[in-house]
Visitor: 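Before I ask anything, let me first share the structure, which is written out below as structure tokens.
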Number of protein chains: 2
Amino acid sequence: MKRVVSFRFMSDETPGPRGAARIHQAAREVLAGRGYSALTMEAVAAAAGVGKSTIYRWWPNKEALLADALAEVFKGEEIPDLGDTRAELRRAVDMTMDNYADAGLAIALPALAADLARHPELLARFREVFLWRKRGNIAAALHRGVDRGDLPATLDTDLIQDLWAGTIMYRRLMTGGPLDDDLAERLVQLAFKV
Amino acid sequence: MKRVVSFRFMSDETPGPRGAARIHQAAREVLAGRGYSALTMEAVAAAAGVGKSTIYRWWPNKEALLADALAEVFKGEEIPDLGDTRAELRRAVDMTMDNYADAGLAIALPALAADLARHPELLARFREVFLWRKRGNIAAALHRGVDRGDLPATLDTDLIQDLWAGTIMYRRLMTGGPLDDDLAERLVQLAFKV
DNA sequence: CGAGAAATGAAACGGGTCGTATCGTTTCGT
DNA sequence: ACGAAACGATACGACCCGTTTCATTTCTCG
């Protein structure tokens with residue numbers, strides 16, 4: 001009896017679970033509607049109209065399920081070469097803002113990262129999906145701007161992305177300040193001045 | 001029998017609990033050593049050598065206790081007039097970095113903010129202690145810089161503080177990037193350019 | 001189509017936490 | 001020295017986690 005619980009955290013294969021889509025969506029609904037600490041497996045199972053055992057058959061624990069559910073909606077698209085550095089950077093900032101648009105989901109990210117602190121391999125994958133993948137695309141756009149001569153050659157792509165994502169996350173999580181056009185424009189301008 | 005459980009969340013009076021200091025410290029120790037999700041009331045009580053009932057006698061729940069325990073070490077000092085704008089800003093950035101120096105405590109802040117989402121009055125006090133109080137002091141330093149002509153009159157003190165704190169928190173919580181001298185210097189320079 | 005395999009929903013479990021209540025004891029203020 | 005307040009221990013019901021069992025439904029493919 002080799003019923004191995006497949007550990008699919010953020011993998012690409014889509015093998016078993018018949019109700020995977022339903023379960024992912026249920027997790028996001030509970031999260032957005034009742035918060036991270038109310039996200040119980042029983043609540044997710046109930047919302048998905050599914051037995052708890054079905055969830056545990058496909059995900060090893062709550063963190064893995066949530067990471068899968070979030071990865072599905074977290075945008076990490078490539079930024080096309082528009083020939084216009086400013087427009088490309090604006091698109092990058094907008095993409096980041098979109099990722100944090102839903103407060104429930106945004107709050108879950110650091111909470112999840114914190115819970116993952118004792119699962120190093122999961123934390124590494126989490127960062128890959130939620131940070132590095134997206135950052136690579138944005139870095140490409142930034143480099144195009146440098147090549148065009150629009151951005152200073154000394155630009156620190158890591159710093160500018162920390163500034164962008166950090167400010168957006170901080171407003172969402174802590175101050176509750178606005179995530180609007182004005183902020184987006186100012187963040188874009190930052191890249192030209194730093 | 002009017003044994004009213006005094007609700008002292010972040011107040012200044014220090015009335016009853018004989019073991020308050022011990023309990024606060026125990027909460028911080030458990031938090032730093034085993035993480036937010038391992039911060040149980042029983043663990044805190046055990047670490048403080050105190051009965052659980054004693055904690056519940058003075059704090060209504062875990063969030064309130066933790067908010068008190070964190071407020072005690074969160075720095076929101078005034079920044080003295082040094083006559084040197086750059087030096088004052090550096091001090092402001094260093095203060096913010098200090099507040100996020102301990103990873104365990106830093107991670108607790110957004111987690112706590114998230115848990116407080118359903119306690120609006122607690123959330124308001126949380127923000128007062130952890131955000132506005134400190135921000136007022138930093139804003140004062142920024143305004144001095146503007147008055148000296150060192151900083152542009154158009155400076156957005158809210159934005160610059162979001163940039164500072166956001167970047168620092170983001171590195172601590174998400175990327176794990178360095179919080180060092182180099183970052184501090186770059187953040188300071190930001191104020192002169194934005 | 002039909003039979004075997006795989007996935008499923010329901011239910012129950014031990015272990016653990018929360019917040020409350022109730023003890024008998026220790027410490028404080030006066 | 002005495003009464004009131006704070007204390008520690010302990011037990012409670014309610015809830016949740018993560019696992020297991022089991023009878024039923026749904027797939028798969030010969």
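Below, chain A is the first sequence line, B the second, and so on; all start at residue 1. All values derive from a computational prediction rather than experimental measurement.
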Visitor: Could you state the CZ-C1' distance from B:Arg34 to C:dT17, rounded to the nearest angstrom?
Guide: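 In whole Å, C:dT17 C1' and B:Arg34 CZ are 13 Å from each other.
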Visitor: Which is true for A:Leu39 with a 4.0 Å heavy-atom rule: it touches a base, it touches only sugar-phosphate, or it touches nothing?
Guide: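 Sugar-phosphate, no base atom in range.
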Visitor: Below 4.0 angstrom from OP1 or OP2 of C:dG19, is there any side-chain N or O of B:Tyr56?
Guide: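 It does, given that an N or O in the side chain of B:Tyr56 lies less than 4.0 Å from OP1 or OP2 of C:dG19.
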Visitor: Round to the nearest Å and state the distance from B:Ile23 atom CD1 to D:dA6 atom P.
Guide: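 B:Ile23 atom CD1 is separated from D:dA6 atom P by 13 Å.
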Visitor: Taking the side chain as every heavy atom from C-beta outward, state whether B:Leu163 and A:Leu190 have any atom pair closer than 4.5 Å.
Guide: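 Of all side-chain heavy-atom pairs linking A:Leu190 with B:Leu163, at least one is under 4.5 Å.
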Visitor: Give a yes/no answer on whether the side chain of A:Ser53 brings an N or O atom under 4.0 Å of OP1 or OP2 in C:dG9.
Guide: no
Visitor: Let's test your reading of the model: under 3.5 Å, does the base of C:dG19 pair with the side chain of B:Lys52 as donor and acceptor?
Guide: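 Per atom types, the contact qualifies.
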Visitor: Calculate the interatomic distance between A:Arg57 atom CZ and D:dC22 atom C1'; express it in whole Å.
Guide: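 In whole Å, D:dC22 C1' lies 11 Å from A:Arg57 CZ.
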Visitor: Please determine, for the side chain of A:Met41, which listed nucleotide (C:dT17, D:dC16, D:dG18) has the closest atom?
Guide: D:dG18
Visitor: Does A:Met174 offer a backbone N or O that forms a donor-acceptor pair with the side chain of B:Arg127 under 3.5 Å?
Guide: yes
Visitor: Whole angstrom is fine here: how far is it from OH in A:Tyr36 over to P in D:dC17?
Guide: 11 Å
Visitor: What is the distance from atom CG of B:Asp98 to atom CZ of B:Arg91, rounded to the nearest 0.5 Å?
Guide: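 Between atom CG of B:Asp98 and atom CZ of B:Arg91 there are 11.5 Å.
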Visitor: To the nearest Å, how far apart are A:Arg22 CZ and C:dA7 P?
Guide: 15 Å
Visitor: Cation-pi check for B:Tyr100 against B:Arg171: NZ or CZ below 6.0 Å from the six-membered ring centre and within 45 degrees of the axis, yes or no?
Guide: no
Visitor: Let me spell it out: for each of A:Glu42 and A:Gly51, pick the nucleotide of DNA chain C with the closest heavy atom. Which residue's pick is nearer the 5' end?
Guide: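 On the 5' side of the pair lies A:Gly51.
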Visitor: If I take atom CG in residue A:Leu66 and atom P in nucleotide D:dC17, what distance separates them, rounded to the nearest angstrom?
Guide: 12 Å
Visitor: Closer than 4.0 Å, any side-chain N/O of A:Lys62 to the OP1 or OP2 of D:dC17?
Guide: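 Answer yes for this pair, as a side-chain N or O of A:Lys62 is under 4.0 Å from OP1 or OP2.
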Visitor: Would you indicate, yes or no, if C:dA7 has its OP1 or OP2 atom less than 4.0 angstrom from a side-chain nitrogen or oxygen of A:Trp58?
Guide: no
Visitor: Distance check needed: C:dT20 C1' versus B:Trp59 CH2, whole Å only.
Guide: 18 Å
Visitor: Below 4.5 Å, heavy atoms only, C-beta onward: do A:Met169 and B:Pro110 meet side chain to side chain?
Guide: no
